[in-house]
Amino acid sequence: QVQLVESGGGLVQAGGSLRLSCAASGSIVRFSTMGWYRQAPGKQRELVAGITSGGTTIYADSVKGRFTISRDNAKNTVYLQMNSLKAEDTGVYYCYADFGPMRIWGQGTQVTVSS
């Protein structure tokens, strides 16, 4: 059973940066897509960014130009570089990985942006 472990969350001032990491316990080459969702208090979980095994990326409109997703197959890790953070980026960020019909989730990491 592959596990995903997120890290890199924390408290940052508006305009600052954070880099989230999602480390898999096994090879990520087999995952067709990996990415990040976030959930703000009282809101539904929403897609932030995703990256396919071929390197194609997708982003929510709200983060385009500010966030960058990348994957390092050698390190079995997916990253989310978050720049120019805003208060509305606050939430719990969850890493996911798709393996066939299955979706695996990480436990989440809290990101808090103070205005």
Side-chain angles (χ1 to χ4, degrees):
Q1 180 75 20
V2 175
Q3 292 184 323
L4 304 175
V5 179
E6 300 101 331
S7 61
L11 174 64
V12 65
Q13 288 188 332
S17 299
L18 284 174
R19 188 175 82 153
L20 304 184
S21 299
C22 172
S25 58
S27 173
I28 67 171
V29 174
R30 59 189 138 161
F31 296 132
S32 58
T33 303
M34 298 185 70
W36 297 87
Y37 276 72
R38 69 186 178 192
Q39 187 165 21
K43 295 187 177 180
Q44 289 188 327
R45 193 175 292 192
E46 62 174 354
L47 176 68
V48 176
I51 184 167
T52 69
S53 56
T56 300
T57 57
I58 56 171
Y59 295 95
D61 287 343
S62 59
V63 307
K64 284 180 181 176
R66 300 188 297 121
F67 290 11
T68 303
I69 188 170
S70 61
R71 63 193 284 172
D72 186 334
N73 290 340
K75 295 183 178 180
N76 298 324
T77 301
V78 171
Y79 302 97
L80 185 67
Q81 178 66 45
M82 306 186 295
N83 298 327
S84 302
L85 283 162
K86 304 176 181 179
E88 51 263 43
D89 295 318
T90 293
V92 179
Y93 284 68
Y94 297 92
C95 176
Y96 75 91
D98 291 336
F99 180 60
M102 293 194 328
R103 173 160 287 183
I104 303 167
W105 292 95
Q107 83 287 353
T109 185
Q110 176 70 43
V111 171
T112 303
V113 184
S114 63
S115 57

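Within the model, atoms OG1 of Thr109 and CG of Leu80 stand 11.0 Å from one another, a figure rounded to the nearest 0.5 Å. Atom CG of Asn73 and atom OG of Ser27 lie 7.0 Å apart (nearest 0.5 Å). Rounding to the nearest 0.5 Å gives a distance of 10.5 Å between CD of Gln110 and CD of Gln39.
Ala60 and Leu47 get closest at one heavy-atom pair: CB-O, 3.4 Å. The nearest pair of heavy atoms linking Ser115 to Ala14 is CA-CB, 4.2 Å.
Remark: of the listed residues Tyr93, Tyr94, Tyr96, Tyr96 is the sole one forming a ring-ring contact (aromatic ring centres under 6.0 Å, His included) with Tyr37. Here the rule is side chain to side chain contact (heavy atoms under 4.5 Å, CB included) with Ile69, and of Val48, Ile51, Leu20 only Ile51 fits it.
A donor-acceptor pair is defined here as one N or O able to donate and one able to accept, closer than 3.5 Å; no such pair exists between the side chain of Thr77 and the backbone of Ala23. Listed for the Arg71 side chain is a donor-acceptor partner under 3.5 Å among the backbone atoms of Thr52.
Within the structure, salt bridge (Lys or Arg N to Asp or Glu O under 4.0 Å) pairs that include any residue of residues 3-21 do not occur (at least two apart or interchain).
Salt bridge present: Asp61 and Lys64 bring a charged side-chain N and a carboxylate O closer than 4.0 Å.
Atom CD of Gln3 sits in a sparse spot, with 12 or fewer heavy atoms from other residues, nucleotides or ligands closer than 6.0 Å.
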